[in-house]
S.K.: 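One structure, pasted below without further comment.
Every value quoted in this text rests on a predicted model; they were computed, and no experiment measured them. All values below come from the heavy atoms of this structure, side chains included, with hydrogens, waters and symmetry mates left out. Letters A, B, ... mirror the listed sequences (proteins, then strands); counts begin at 1.
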Amino acid sequence: MKNYILQIFEEASSKLEYLKDINLVFTVPNQKEHGDYSSNAALILAKKLGRNPRELAAEIISNLTVDEKVISKMEIAGPGFINFYFNNSATTEIINVVLDQKENFGKSEKYSGKKAMVEFVSANPTGPLTVGHGRNAVIGDTVSNMLEWIGYKVDKEYYFNNAGRQMRVLGDSLRLRYLQLIGQNIDFPEDYYQGEYIVDIAKKIYENDGDKYKDEKAEEFFKEQAEKEIFADIEKTLNNLNIKMDYYFNEYRLYVDGRVEKLLDLFKQKNLSYEKDGAVWLKLSELGNDQDKVIVKSSGEPTYRLPDIAYHITKFERGYDLMVDLFGSDHNATYPDVLAGLKSLGYDINKVKVLIHQFVTIMDKGEVVKMSTRKANFVTLDELMEEVGADVVRYFFIMRSISSHLNFDLDIAKKHSDENPVFYLQYAHARICSILRMTEEEKLELSVENLHLLITEAEQNILKKIYQFEEEILYSSENFEPHRIANYLEELAGLFHKFYNECRIIRAESKELSEARIALVTAVKQVLKNGLSILGLSAPERM
RNA sequence: GCGCCCGUAGCUCAAUUGGAUAGAGCAUCAGCCUUCUAAGCUGAGGGUUAGUGGUUCGAGUCCACUCGGGCGUACCA
């Protein structure tokens, strides 16, 4: 429908040159009395051209050539909006489209042929994924799905670092737990990893090999064991969340391949770095940032900036048209340095989209739970999923805009309550499945022969909503706003539930109407299913 | 101090380049199942969009300042 209006505006623009000067936007008005779609073009042009907006609106309307079978009415309203009203017979056409395209309905080709990478989770293997990581994981996976729906070929990548002090402390934490286990009296330092999972790994080693490693001096063995076990655990958690990474990228590789060293040379060569106090600094202040930052410490060890820039260079070299980085807000100070570094080397940083999501606040029994992997007072994602299920967890994490803080109330989530919005969506799907099972028994069949019978307000509202599906996905995806899809689905489910309460499907006024309504609810079912799959949720046939 | 994000109904949150009368869910109250799943539907109450000023035909949205909260502000990542 929107495309139709856009088309007639484009036709008119050959006569009205000024229509080419603005970005045409058609919105669905809040008030039903304001029509099905609305344009504010005349208002915007009025300012530009210094003319009366209502006059302009009249001029635009008189230059639009419309098919009366599609649009029943156009009118000027308020200060100069142009409102469009659609014919009922035109709206039912969407049912045929849905039934024809099935699981592809809503997809767009706009970015087909383009490659995107979404880098997310990227937690170092120092402990199980927590609820805190969950939001990152779910947003990243959903954004990946969305980009695929608008045509991108998407790779999902997990970047990690298994070197450095963090990991040494981790390895040593495991070693001490192991020694405790075989009977040695050892003080466990306070600033070591306190989590029970370390003890579990130690037990596993002990059960397999006894005290074989009691004299193991090298930290390497324990570090490797810890990393291996923790990574296996992380992958299992992601798998439980229905997330499959395409690649795991180890920062270490950047050193082995000599990329870090090469980059350092390049900065030096381009006179973008200098030495001071025994460290190497990047001239970020010359590149428009606040201050210069260290890229190699006086100890000779690079800071994260150097490998991070080198890592992003590999992304460019791998030919991605779009690179999405997803971080929690605790990283919001780091990425400008990386981007500035890339830009100084001539890379097009418009291709890099950095998404920052705000933190999850965990509420338990009315109190805020402070999270720290080191101190081990966290709730793991697995624990949460065991209590409420993966669908609920996924939904909770994307139902709010990513720039909003998210309150995760464990008490409510654990209740497995009927009030949960996920169930509302899934219930609509299950309800339709149930109806369709019964129509079979009643020997009623789907038919698109009499769709013109779908004239009630409840039916028309559903049809218009379905029309908006593709544009909603496109808008949400281009703007990286997964929560909008959840909102859309809640609205569609709501319109269906309302329809269900007002209209009979089996034993409607006529057999023809029944069969047209079967076509309608089959279409709704398909759209719900498609939307749920973008969100990575199941579409149950029974509840 | 400085940077980023946020402040909308009792609570959790929505709200297409700035658009028309700011919407949902929960909670509260009142209704709807001998008829396709009541995990549903209908109705009621609930708001100076933190505050002040500005920009304009029009501001929850943009600008300035104030207040309040989160995250940063490392030779940690």
Side-chain angles (χ1 to χ4, degrees), chain A residues 22-31 33-34 38 40 43-44 46-47 52-53 77-81 83 122-124 161 164-166 251 276-281 290-291 293-305 307-308 327-334 336 356-359 361 363 399-409 412 417-424 426-428 430-439 441-442 444 471-472 475-476 479 481 483-484 486-487 490-491 493-494 496-508 514 517 521 542-543:
Chain A
I22 57 164
N23 188 15
L24 293 169
V25 174
F26 303 98
T27 55
V28 179
N30 294 327
Q31 262 75 40
E33 307 78 61
H34 295 146
S38 177
N40 63 353
L43 288 163
I44 291 174
K47 189 178 280 182
N52 180 302
F81 293 102
N83 296 337
S122 294
N124 289 339
N161 167 10
R165 207 189 62 219
Q166 258 185 81
E251 180 189 318
K276 193 181 88 181
D277 305 330
V280 182
W281 298 68
D290 287 346
Q291 50 185 321
K293 294 279 174 66
V294 169
I295 49 176
V296 181
K297 303 183 222 173
S298 52
S299 67
E301 228 177 333
T303 64
Y304 71 92
R305 293 182 189 92
D308 257 23
F327 302 127
S329 62
D330 54 338
H331 280 65
N332 82 60
T334 69
I356 303 286
H357 68 265
Q358 296 302 307
F359 268 34
T361 307
M363 303 289 289
M399 67 195 280
R400 306 301 180 206
S401 78
I402 68 173
S403 61
S404 279
H405 294 262
L406 181 70
N407 240 327
F408 203 117
D409 191 320
I412 291 176
S417 68
D418 308 345
E419 310 139 18
N420 204 309
V422 197
F423 298 141
Y424 186 78
Q426 295 182 324
Y427 182 57
R431 218 177 199 183
I432 294 171
C433 290
S434 169
I435 293 164
L436 294 177
R437 283 191 295 271
M438 290 199 101
T439 57
E441 286 172 25
E442 300 279 333
L444 288 166
E471 66 189 64
E472 183 59 55
Y475 184 89
S476 307
N479 292 285
E481 295 183 352
H483 72 283
R484 293 183 62 104
N487 290 347
E490 279 184 41
E491 284 163 18
F496 165 73
H497 286 309
K498 193 177 165 70
F499 158 77
Y500 174 85
N501 275 272
E502 287 175 10
C503 304
R504 297 283 314 175
I505 294 155
I506 296 166
R507 286 189 288 280
S514 280
R517 282 179 175 163
V521 299
R542 295 169 201 273
M543 283 176 77

S.K.: Base, sugar-phosphate, or nothing: which does A:His497 touch, judged by heavy atoms less than 4.0 Å apart?
M.R.: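 Sugar-phosphate only.
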S.K.: Considering only the P atoms, how many Å lie between B:rU12 and B:rG19, rounded to the nearest integer?
M.R.: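 To the nearest whole Å, 26 Å.
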S.K.: Determine which nucleotide pairs with B:rC26, using a 3.5 Å limit on both distances of a Watson-Crick or G-U wobble pair.
M.R.: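 Answer to the pairing question: B:rG10, which forms a Watson-Crick or G-U pair with B:rC26.
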S.K.: Taking the six-membered ring for Trp, are A:Phe327 and A:His357 ring centroids under 6.0 Å apart?
M.R.: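 Here the rings of A:His357 and A:Phe327 have centres that are no less than 6.0 Å from each other.
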S.K.: For a 4.5 angstrom cut-off between non-hydrogen side-chain atoms, does A:Ile506 reach A:Met438?
M.R.: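 Yes; the side chains approach each other to less than 4.5 Å.
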S.K.: Across all strands, who's sitting opposite B:rG46 as a Watson-Crick or G-U wobble pair, both distances under 3.5 Å?
M.R.: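 Paired with B:rG46, as far as the under-3.5 Å criterion goes, is no nucleotide at all.
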S.K.: Do A:Asn501 side-chain and B:rA38 base share a donor-acceptor contact under 3.5 Å?
M.R.: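 Donor-acceptor pair under 3.5 Å: no.
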S.K.: If you find the nucleotide of RNA chain B closest to A:Ile356 and the one closest to A:Trp281, which residue's nucleotide is nearer the 5' end?
M.R.: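 Here A:Ile356 is the residue nearer the 5' end.
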S.K.: Which is true for A:Tyr500 with a 4.0 Å heavy-atom rule: it touches a base, it touches only sugar-phosphate, or it touches nothing?
M.R.: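 Since a base atom lies under 4.0 Å of A:Tyr500, the category is base.
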S.K.: How would you label the glycosidic angle of B:rC33: syn (within 90° of 0) or anti?
M.R.: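 Judged by the O4'-C1' to base torsion, B:rC33 sits in syn, the angle falling within 90° of 0.
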S.K.: With both distances kept under 3.5 Å, what pairs with B:rC62, Watson-Crick or G-U wobble?
M.R.: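 B:rC62 is paired with B:rG54.
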S.K.: Would you mind telling me which residue lines up with the more 5' stretch of RNA chain B, A:Ala333 or A:Ile506, judged by nearest nucleotide?
M.R.: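 Its nearest nucleotide being more 5', the pick is A:Ile506.
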S.K.: Any side-chain heavy atom of A:Ile295 within less than 4.5 Å of one from A:Trp281?
M.R.: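 With C-beta onward as the side chain, the pair stays apart.
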S.K.: Side chain of A:Ala77 only, heavy atoms from C-beta on: which candidate in B:rG70, B:rA38, B:rA20 is closest?
M.R.: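 Looking only at heavy atoms from C-beta outward on A:Ala77, the closest nucleotide is B:rA20.
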S.K.: Determine whether any donor atom in the side chain of A:Ser401 lies under 3.5 Å from an acceptor atom in the base of B:rA14, or the reverse, and answer yes or no.
M.R.: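 By the distance-only test, no, there is no pair.
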S.K.: Between B:rG68 and B:rU28, how far is it from one P atom to the other, in whole Å?
M.R.: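 After rounding to an integer number of Å, I get 34 Å for this pair.
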S.K.: Say you pick atom C1' in B:rU42 and the same atom in B:rG47; how far apart are they, in whole Å?
M.R.: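 These two C1' atoms come out 24 Å apart once rounded.
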S.K.: Could one point to a donor on the side chain of A:Asn332 or the base of B:rG72 with an acceptor on the other under 3.5 Å away?
M.R.: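 In this structure, the two groups form no donor-acceptor pair.
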S.K.: Check this one for me: any side-chain N or O of A:Ser329 less than 4.0 Å away from OP1 or OP2 of B:rC71?
M.R.: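 Checking B:rC71 against A:Ser329, no side-chain N or O comes under 4.0 Å of OP1 or OP2.
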S.K.: For B:rG72, give the paired nucleotide (Watson-Crick: N1-N3 plus N6-O4 or O6-N4; G-U: N1-O2 and O6-N3; both under 3.5 Å), or none.
M.R.: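 With both distances under 3.5 Å, B:rG72 matches B:rC2.
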S.K.: Between the side chain of A:Asn332 and the main-chain N/O of A:Gly328, is any donor-acceptor distance below 3.5 Å?
M.R.: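 No.
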S.K.: Hey, is the side chain of A:Lys47 poking within less than 4.0 Å of OP1 or OP2 on B:rU56, counting only N and O atoms?
M.R.: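 Negative; the distance criterion is not met.
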S.K.: Find the distance between CD1 (A:Ile505) and CG (A:Leu436) and round it off to the nearest 0.5 Å.
M.R.: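 The CD1 atom of A:Ile505 sits 8.0 Å away from the CG atom of A:Leu436.
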S.K.: Measure CZ/A:Arg431 against C1'/B:rC33 and give the value in whole Å, please.
M.R.: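 Taking CZ of A:Arg431 and C1' of B:rC33, I get 11 Å after rounding.
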S.K.: By nearest atom, which of the nucleotides B:rC36, B:rU17, B:rC71 is closest to the A:Asp330 side chain?
M.R.: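 Closest of the options to the side chain of A:Asp330: B:rC71.
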S.K.: Indicate, with a heavy-atom threshold strictly under 4.0 Å, whether A:Ile295 touches base, sugar-phosphate, or nothing.
M.R.: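 A:Ile295: no heavy atom of the nucleic acid under 4.0 Å.
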S.K.: Nearest whole angstrom, please: distance from the P of B:rC36 to the CD of A:Glu502.
M.R.: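 After rounding, the gap between these two atoms is 17 Å.
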S.K.: Students often get this wrong, so: under 4.0 angstrom with heavy atoms, is A:Thr334 touching a base, only sugar-phosphate, or nothing?
M.R.: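 Here A:Thr334 touches the bases of the nucleic acid.
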S.K.: NZ of A:Lys498 versus P of B:rA38: gap in Å, rounded?
M.R.: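 Checked: the NZ to P distance equals 16 Å.
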S.K.: For A:Asn30 and B:rG58, what is the distance between atoms CG and P respectively, to the nearest whole Å?
M.R.: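 For the pair A:Asn30 CG and B:rG58 P, the rounded distance is 20 Å.
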S.K.: Are OP1 or OP2 of B:rA14 and a side-chain N or O of A:Ser404 less than 4.0 angstrom apart?
M.R.: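 Indeed, a polar side-chain atom of A:Ser404 lies that close.
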S.K.: Consider the side chain of A:Phe359, meaning its heavy atoms from C-beta on, and name the nucleotide among B:rC71, B:rC76, B:rU16 that approaches it most closely.
M.R.: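 Closest nucleotide to the A:Phe359 side chain: B:rC71.
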S.K.: What is the nucleic acid contact for A:Arg542, judged by heavy atoms within less than 4.0 Å: base, sugar-phosphate only, or nothing?
M.R.: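 Base contact.
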S.K.: Should the pair A:Arg431 and A:Tyr500 be classed as cation-pi, given the thresholds of under 6.0 Å to the six-membered ring centre and 45° from the axis?
M.R.: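 Yes, a cation-pi geometry.
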S.K.: Name the nucleic acid region contacted by A:Thr27, choosing base, sugar-phosphate or nothing; use a 4.0 angstrom heavy-atom cut-off, strictly under.
M.R.: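 Touches sugar-phosphate only.
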S.K.: Give a yes or no on whether the backbone of A:Ser434 and the side-chain of A:Arg542 come within a donor-acceptor separation of less than 3.5 Å.
M.R.: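 It does not hold such a pair.
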S.K.: Less than 4.0 angstrom between a side-chain N/O of A:Arg400 and OP1 or OP2 of B:rC6, yes or no?
M.R.: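 No, A:Arg400 has no side-chain N/O under 4.0 Å of OP1/OP2 on B:rC6.
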S.K.: Only pairs with both distances under 3.5 Å count, Watson-Crick or wobble alike; so what is the partner of B:rC41 in this structure?
M.R.: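 Matched B:rC41 with B:rG31 under the 3.5 Å cut-off.
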S.K.: How many whole angstroms separate atom CZ of A:Phe499 from atom P of B:rC36?
M.R.: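 Result: 15 Å.
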S.K.: Any N or O donor-acceptor pair linking the side chain of A:Ser298 to the base of B:rC75 at under 3.5 Å?
M.R.: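 Flag set: donor-acceptor pair detected.
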S.K.: Looking for any heavy atom pair under 4.0 Å, which part of the strands does A:Ile22 touch: base, sugar-phosphate only, or nothing?
M.R.: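 Since no nucleic acid heavy atom lies under 4.0 Å of A:Ile22, the category is nothing.
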S.K.: Of the nucleotides B:rA77, B:rU12, B:rG23, which one has an atom closest to the side chain of A:Asn124?
M.R.: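 Nearest to the side-chain atoms of A:Asn124, counting from C-beta on, is B:rA77.
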S.K.: Checking all strands, does A:Ala46 fall into the base, sugar-phosphate, or nothing category for heavy-atom contacts under 4.0 angstrom?
M.R.: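 The answer is nothing, as A:Ala46 stays clear of every strand by at least 4.0 Å.
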S.K.: Side chains of A:Thr361 and A:Asn407: donor-acceptor distance under 3.5 Å anywhere?
M.R.: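 No donor-acceptor contact under 3.5 Å links the two side chains.
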S.K.: For A:Glu491 and B:rC13, what is the distance between atoms CD and C1' respectively, to the nearest whole Å?
M.R.: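 So the CD-C1' distance, A:Glu491 to B:rC13, works out to 13 Å.
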S.K.: At 4.0 Å (heavy atoms only), tell me whether A:Met438 reaches a base, stays on the sugar-phosphate, or touches nothing.
M.R.: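 Since only primed, P, OP1 and OP2 atoms lie under 4.0 Å of A:Met438, the category is sugar-phosphate.
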S.K.: Round to a whole Å and report the spacing from CD of A:Glu490 to P of B:rG40.
M.R.: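 From A:Glu490 CD to B:rG40 P: 11 Å.
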S.K.: Between the base of B:rG69 and the side chain of A:His405, is one N or O donor paired with an acceptor at under 3.5 angstrom?
M.R.: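 Indeed, a donor on one side and an acceptor on the other fall under 3.5 Å apart.
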S.K.: Ring-on-base stacking between A:Tyr424 and B:rA39, under 5.5 Å between centres and under 30° between planes: is it there?
M.R.: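 Given the distance and angle limits, no, they do not stack.
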S.K.: Just verifying a value: how many Å separate A:Met543 CE and A:Cys433 SG, rounded to the nearest 0.5 Å?
M.R.: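 SG of A:Cys433 is found 11.5 Å from CE of A:Met543.
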S.K.: Look at all strands and tell whether A:Cys433 reaches a base, only sugar-phosphate, or nothing, counting heavy atoms closer than 4.0 Å.
M.R.: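 It contacts nothing in the nucleic acid.
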S.K.: Just wondering, do A:His483 and B:rA14 stack (centres under 5.5 Å, planes under 30°)?
M.R.: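 No, A:His483 does not stack on the base of B:rA14, since the centre distance and plane angle fail the 5.5 Å and 30° test.
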S.K.: Taking the side chain from A:Ser38 and the backbone from A:Val28, do they hold a donor-acceptor pair closer than 3.5 Å?
M.R.: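 No; zero donor-acceptor contacts below 3.5 Å.
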S.K.: Which part of the nucleic acid, if any, lies within contact of A:Asn83, taking any heavy atom under 4.0 Å across all strands shown: a base, the sugar-phosphate backbone alone, or nothing?
M.R.: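 Base, at least one base heavy atom under 4.0 Å.
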S.K.: Tell me which nucleotide among B:rC36, B:rU17, B:rA20 gets nearest to the side chain of A:Ile505.
M.R.: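 When the side chain of A:Ile505 is considered, B:rC36 is the closest of B:rC36, B:rU17, B:rA20.
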S.K.: OP1 or OP2 of B:rG19 sitting under 4.0 Å from any side-chain N/O of A:Asn40?
M.R.: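 Checking B:rG19 against A:Asn40, no side-chain N or O comes under 4.0 Å of OP1 or OP2.
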S.K.: When all nucleic acid strands are considered with a 4.0 Å heavy-atom cut-off, which category describes A:Ala430: base, sugar-phosphate, or nothing?
M.R.: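 Answer is base: heavy atoms of A:Ala430 come under 4.0 Å of a base.
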S.K.: So what's B:rA77 paired with, Watson-Crick or G-U wobble, going by both distances under 3.5 Å?
M.R.: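 By the stated definition (distances under 3.5 Å), nothing pairs with B:rA77.
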